[in-house]
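This report refers to the structure that appears directly beneath it.
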Amino acid sequence: MKRVMLTVAYDGTNYHGWQLQPNVVTVESVLNEALTDLFKEEIKVIGASRTDTGVHALGNIAVFDTNARMPGEKVSYALNQRLPQDIRIQASREVPPDFHPRKQNSQKTYEYKILNCEFPQPVMRLYSHFTYVPLDVERMQRAAKYLVGEHDFKSFCSVNTVAETTVREIYELTVEKQDNLIIIRVTGSGFLYNMVRIIAGTLMEVGRGNMEPEDIPDILGALDRTKAGPTAPACGLTLVRYKYVDGIPEITK
C-alpha cells in the first residue's frame with residue numbers, strides 16, 4: 001500500500017463543491033470514480049481544502065491510498081485521461097503513508113475577482129463577480145489592513161460554521177486594480193466557512209461607501225455575523241495556492 005498526492009485544478013462551476021454529498025456531483029466524487037476505474041479498486045481521496053459550490057482551484061491537494069504498482073508521478077497522466085475537461089491533475093507524487101493534507105503546517109492563498117465596469121463581459125462571468133457600482137479601491141485597501149494578523153473572525157464566517165475556534169491568522173491581504181478587474185488576494189493559515197467570500201463582500205461595501213474602513217475593528221470585535229457585509233458570490237473565488245510551510249516529506253526506502 002502506498003499514498004499518492006495529487007495537485008488538482010478545477011473549474012467549480014458545475015460542481016457542488018469539493019466534499020462528497022448525497023445525490024449531487026462534487027469534485028471529490030468525480031476523483032473517486034475516476035481513480036476507482038483506473039486502479040480497479042475502491043479509492044477514496046482525502047482533500048486538503050473543502051471548497052464550496054462554484055468555487056474554483058488552481059491547485060487543491062488530495063491524497064489517496066492504493067495497492068497499484070504505477071509510479072506516483074505517472075498517475076497524473078493516466079488519471080487525466082479519465083477526468084472531465086474541467087478537472088485536471090497538475091502533478092502527482094508518492095508521499096509517506098502517514099502524510100495527511102489537512103494536518104500539516106500550511107498556507108492557503110485565495111483570490112477574489114470583481115469585474116467593475118458598466119457592462120458585464122460574458123467570457124468572465126464564471127470567474128469573477130460583476131458589479132457596475134463604482135468601487136473605491138483605496139478605501140478597500142485601507143479596510144483590508146485591519147484584517148491582517150490573528151483575530152477572532154466570528155463576524156466573518158457563516159452562522160452554520162462548525163469549528164473548535166473561530167480564531168484565524170491572515171498573513172497578507174491586498175486589493176489591487178488591473179484595468180476593470182479588482183483582485184482581492186488573501187493568504188492565511190486557514191479559513192472558516194465562507195470567510196473569504198464574507199471578507200470580499202465586506203470590502204465591497206467599503207468600496208461602495210456603505211461602510212467606513214475604520215469600521216472593520218468594530219466588526220471584528222462584535223463577533224456577530226450580521227455586522228459584516230454580505231457573502232460575495234462563489235464564482236469570483238479561486239484557491240490559487242496551497243503551500244506546505246515545512247515542505248512535503250520525502251519517502252524513506
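Everything quoted here is computed from the prediction, not taken from an experiment.
- In the hydrophobic cluster analysis, where Ile, Leu, Val, Met, Phe, Trp and Tyr join through side-chain heavy atoms closer than 4.5 angstrom, Tyr146 is grouped together with Val175.
- Nearest approach of Ile198 to Ala228, heavy atoms of both residues: CG2-CB, 4.0 Å.
- Here the closest non-hydrogen pair linking Leu79 and Leu6 is CD2-CD1, 4.0 Å.
- With contacts defined as side-chain heavy-atom distances shorter than 4.5 Å, the pair Leu147/Phe153 qualifies.
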- Message: Does Leu115 form a side chain to side chain contact (heavy atoms under 4.5 Å, CB included) with Cys117? I'd like the steps, not just the answer.
- Response: CA-CA 6 Å; Leu115 183 63; Cys117 52; 3.8 Å; yes
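- A salt bridge links Arg185 with Glu111: the closest approach of a Lys/Arg side-chain nitrogen to an acidic carboxylate oxygen falls below 4.0 angstrom.
- Remark: Glu28 CD to Asn60 CG distance equals 10.0 Å, nearest 0.5 Å.
- With sequence neighbours excluded, no residue satisfies salt bridge (Lys or Arg N to Asp or Glu O under 4.0 Å) with Glu41.
- The closest donor-acceptor contact from the side chain of Ser106 to the backbone of Lys243 lies at 3.5 Å or more, if one exists at all.
- Panel note: side chain Asp179, backbone Leu181; no donor-acceptor pair is recorded below 3.5 Å.
- A donor-acceptor contact closer than 3.5 angstrom is absent between the side chains of Ser29 and Tyr15.
- Hydrophobic clustering places Val30 together with Phe64 (ILVMFWY residues linked when any side-chain heavy atoms are closer than 4.5 Å, directly or through intermediates).
- In this structure, the side chains of Arg50 and Arg102 come closer than 4.5 Å at one or more pairs of heavy atoms.
- Annotation for Arg241: atom CZ does not count as buried by contact number, only 12 or fewer foreign heavy atoms lying within 6.0 Å.
- Closest heavy-atom contact between Asp246 and Asn105: OD2-CB, 3.5 Å.
- Shortest non-hydrogen contact noted between Gly59 and Tyr242 is O-CB, 3.7 Å.
- In this structure, a donor-acceptor pair under 3.5 Å is present between the side chains of Thr231 and Arg225.
- Counting heavy atoms from C-beta on, the side chains of Val75 and Ile89 never come closer than 4.5 Å.
- Comment: Arg139 engages Glu212 in a salt bridge, judged by a side-chain N to carboxylate O separation of less than 4.0 angstrom.
- More than 12 non-hydrogen atoms from other residues, nucleotides or ligands lie less than 6.0 angstrom from NZ of Lys108.
- Taking every heavy atom of both residues into account, Ser155 and Ile219 meet most closely at OG-O, 2.7 Å.
- In this structure, Phe130 and Tyr132 have tilted ring planes: the angle between them lies in the 30° to 60° band.
- Between Arg142 and Glu214 there is a salt bridge, with a side-chain nitrogen of the basic residue lying less than 4.0 Å from a carboxylate oxygen of the acidic one.
- Here OG of Ser128 is found 8.5 Å from OH of Tyr112. Values are rounded to the nearest 0.5 Å.
- Looking at Asn32, its side chain does come within 3.5 Å of a backbone N or O of Val45 through a donor-acceptor pair.
- The distance between the ring centers of Phe191 and Tyr110 falls below 6.0 angstrom.
- Checked against a 6.0 Å centroid threshold, the rings of His56 and Tyr127 count as neighbours.
- One hydrophobic cluster holds both Ile170 and Ile216 under the rule that ILVMFWY side chains link at heavy-atom gaps under 4.5 Å.
- Under 4.0 Å is where a charged nitrogen must lie from a carboxylate oxygen, and between Lys177 and Glu138 no such pair does.
- Using a 3.5 Å distance cut-off with no hydrogens or angles, the side chains of Asn116 and Thr131 do not pair a donor with an acceptor.
- No continuous path of hydrophobic side-chain contacts links Phe119 to Ile182 [ILVMFWY only; heavy atoms under 4.5 Å].
- Distance alone, capped at 3.5 Å, is enough to place a donor-acceptor pair between the Asn80 side chain and the Ser76 backbone.
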- Please test Tyr244 against Phe99 for ring-ring contact (aromatic ring centres under 6.0 Å, His included), starting from the C-alpha separation and ending with a verdict. CA-CA 12 Å; Tyr244 290 109; Phe99 179 84; 5.4 Å; yes
- Query: Should Arg208 and Leu135 be marked as a side chain to side chain contact (heavy atoms under 4.5 Å, CB included) after you check the CA-CA gap, both sets of side-chain angles, and the distance that decides it?
  - Reply: CA-CA 5 Å; Arg208 294 184 180 108; Leu135 298 178; 3.4 Å; yes
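- In this structure the side chain of Glu172 never reaches within 4.5 angstrom of the side chain of Val186, judged on heavy atoms.
- Hydrophobic clustering of Ile, Leu, Val, Met, Phe, Trp and Tyr side chains at less than 4.5 Å, counting indirect connections, unites Ile43 with Met70.
- With rounding to the nearest 0.5 Å, the separation of CG in Leu239 from CH2 in Trp18 is 10.0 Å.
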- Give the C-alpha distance, both sets of side-chain angles, the deciding distance and a yes or no for side chain to side chain contact (heavy atoms under 4.5 Å, CB included) between Ile46 and Asp65. CA-CA 9 Å; Ile46 302 171; Asp65 296 323; 5.8 Å; no
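- Between Val95 and Ile248, the closest side-chain pair of non-hydrogen atoms falls below 4.5 Å.
- In this structure, CD in Gln121 is found 8.0 Å from CG in Asn180, a value given to the nearest 0.5 Å.
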- Query: Please walk me through it: do Met140 and Ile184 pass side chain to side chain contact (heavy atoms under 4.5 Å, CB included)?
  - Reply: CA-CA 9 Å; Met140 296 170 70; Ile184 299 169; 4.2 Å; yes
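- For the pair Arg168 and Leu192, the minimum side-chain heavy-atom distance is below 4.5 Å.
- A distance of 6.5 Å separates CG of Leu223 from OG1 of Thr166, quoted to the nearest 0.5 Å.
- Residue Ser189 comes nearest to Tyr171 through the heavy atom pair CB-OH, 3.3 Å, listed as atom of the first residue, atom of the second, then distance.
- Under a 4.0 Å N-O distance rule, the pair Arg197/Asp52 qualifies as a salt bridge.
- Counting only heavy atoms from C-beta outward, the side chains of Ile61 and Met5 approach each other to under 4.5 Å.
- One distance of note links OG1 of Thr66 with CD of Glu42; it measures 12.0 Å at 0.5 Å rounding.
- Residues Pro230 and Glu205 are in side-chain contact: their nearest non-hydrogen atoms beyond the backbone lie under 4.5 Å apart.
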